[in-house]
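The sequence lines fix the lettering, A, B, ..., with proteins before strands; numbering per chain opens at 1. This structure is a prediction, so every number in the text was calculated from the model and none was measured.
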2 protein chains.
Amino acid sequence: MLADTSETSSRPNVKTILKQLEGDGVIGISVDCVIFGFDESELKVLLIKSDFKNYEGKWSLLGNLVNNHEDLDQAAYRVLKERTGLDDVYLEQVKTFGEVFRHPAARVVTIAYCSLINVQHHEIKKLDNELHWHRVTALSDMAFDHKKILDTCYVWLQKRIQEHPLGFSLLPKKFSLRELQNLYEAILNVKLDRRNFRKKFFSMNLLEDTDEYESDVPHRPGKLYRFNYEKYQKKERKKWFGIDF
Amino acid sequence: MLADTSETSSRPNVKTILKQLEGDGVIGISVDCVIFGFDESELKVLLIKSDFKNYEGKWSLLGNLVNNHEDLDQAAYRVLKERTGLDDVYLEQVKTFGEVFRHPAARVVTIAYCSLINVQHHEIKKLDNELHWHRVTALSDMAFDHKKILDTCYVWLQKRIQEHPLGFSLLPKKFSLRELQNLYEAILNVKLDRRNFRKKFFSMNLLEDTDEYESDVPHRPGKLYRFNYEKYQKKERKKWFGIDF
DNA sequence: AATCATTGTGTAAATTTTACACGTTTTCTC
DNA sequence: GAGAAAACGTGTAAAATTTACACAATGATT
């Protein structure tokens with residue numbers, strides 16, 4: 001009730017820290033994680049109920065103050081681990097938000113991270129039962145400027161997923177092409193042609209054929225594939241994509 | 001000599017502030033501007049000689065601590081204005097660097113901004129004669145982690161310029177297609193076909209035909225064009241670019 | 001008047017993207 | 001176990017985009 005679980009931690013001294021920041025006229029630094037998951041063919045985001053008094057009951061991103069001795073990325077990993085128990089996840093810095101009055105208690109600059117996790121392989125620590133997966137598209141009101149942060153990360157993801165192989169982090173290690181296509185369709189909110197989609201991915205030569213098939217589907221099972229990160233790394237990047245705007 | 005002009009300001013109390021940060025175990029926040037210019041068909045970056053003792057004589061980005069009452073963008077604008085006298089410039093946040101020991105005096109998290117200015121239209125305040133334009137490709141050693149920041153911003157620019165109309169900020173309002181092509185070739189470090197380049201830009205329908213021509217060129221002068229930002233703004237953005245990685 | 005340097009322009013070939021349909025495989029139900 | 005339902009897996013032709021490439025026109029310089 002004293003400290004918001006996003007902007008601050010569950011450490012007992014957060015309120016104190018914010019007070020101190022306020023008093024000293026010093027700027028606080030936090031990280032906020034936009035944790036995306038993919039479930040039931042929908043893009044979800046992991047949120048927590050804010051207990052910060054100005055925003056009681058509103059949804060908030062998972063975040064925390066950055067410790068003095070830890071790098072920003074480390075801080076984001078820590079938040080992620082504390083909340084989800086996962087540490088082997090995709091995590092990338094997206095943007096820093098630092099408007100003067102974005103936090104009501106003190107000046108806090110927050111570095112937003114985007115994280116992608118595979119919802120299946122992971123049981124959220126339900127100690128904290130204020131934690132919930134939300135459909136990304138069905139969110140309006142949020143605590144602080146977190147809606148803006150979420151929107152920024154979502155747009156970032158939409159673009160990023162078309163140019164980098166991050167989408168696979170949202171899927172099981174072995175996945176069918178249908179799942180992959182559903183993922184792209186859900187995130188980009190478009191309908192894609194199945195044959196062209198397959199053609200595209202096969203032509204990249206980065207999908208490895210496992211010899212397994214889907215199970216528990218009520219129809220002909222599809223082949224399962226695995227993304228070959230090594231091969232991807234070795235690929236040379238072109239610097240010329242063509243001008244287009 | 002006491003305070004570095006990039007990480008800190010020429011305000012007299014910077015050393016004090018850093019000391020205080022250090023003592024309190026509080027994290028400082030700065031902005032650093034990577035100011036790009038285009039001159040003699042080369043991409044340049046505006047740097048200053050560091051007077052911070054650990055990095056004496058090394059080149060440093062232009063930066064400063066963020067004031068309590070100003071937004072991050074404002075802080076970046078302030079730095080830019082203080083150093084170049086310009087305020088109507090392209091400025092965009094790129095990435096935040098926050099490694100624990102990136103600054104020797106205290107923990108300072110810095111938000112890197114990329115700025116693009118038209119070198120012609122602007123006389124650098126030469127009060128500060130430690131300020132110089134450097135070829136981007138001919139830089140190795142820099143103060144702090146500024147080389148890393150510069151590299152990040154350069155790569156960012158290479159990508160960005162192909163997808164957004166920022167390049168024009170590096171040119172005069174009226175420019176020839178040759179200048180524009182030189183710009184792209186210099187930044188991307190590629191050779192482009194002149195006819196295809198022209199075709200591409202004309203097909204976007206965003207270049208306005210001024211009825212003027214180059215002057216002072218020792219050959220047939222080219223037509224001058226102007227970029228139509230309004231038209232660009234109104235254009236609808238597609239969300240599907242095609243998967244490619 | 002001749003030379004030099006650069007502008008401005010079009011077309012054909014190659015590549016990439018798009019649109020589109022049917023036989024196959026497995027599960028489920030009766 | 002026969003038939004229906006659902007999704008899998010596959011290829012080709014048309015359209016659009018990208019690439020490669022050459023020559024006449026213009027203005028400046030001598």
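DNA chain D lies under 4.0 Å from no heavy atom of any residue of residues 234-245 of chain A.
Just one of Lys173(B), Arg226(B), Lys174(B), Lys223(B) meets the salt bridge (charged side-chain N to carboxylate O under 4.0 Å, His left out) condition when paired with Glu212(B); it is Lys174(B). No option in Leu157(B), Leu166(B), Ile187(B) other than Leu157(B) meets the side chain to side chain contact (heavy atoms under 4.5 Å, CB included) test with Phe36(B).
Taken from CG in Leu139(B) to NZ in Lys147(B), the straight-line distance is 7.0 Å, to the nearest 0.5 Å.
Side-chain contact check for Ser50(B) and Ser60(B): no donor-acceptor pair (N or O, by modelled atom type) lies under 3.5 Å. No side-chain donor-acceptor contact under 3.5 Å links Gln233(A) and Tyr229(A).
Here the closest heavy-atom approach between residue Leu91(A) and residue Ser115(A) is recorded as CD1-CB, 3.7 Å.
At dG8(C), none of the side-chain N or O atoms of Lys223(B) fall inside 4.0 Å of OP1 or OP2 (strictly under the cut-off).
The distance between atom CG of Leu177(A) and atom C1' of dA7(D), rounded to the nearest whole Å, is 13 Å. For Asp209(B) and dG8(C), the CG to C1' distance is 13 Å, given to the nearest whole Å.
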Readout for nucleotides 20-30 of chain C: B = base within 4.0 Å of protein heavy atom, S = sugar-phosphate only, - = neither; 5' to 3' it is BB-BBBBS---
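For the pair Asp244(A) and Lys238(B), the salt-bridge criterion is met [side-chain N within less than 4.0 Å of a carboxylate O].
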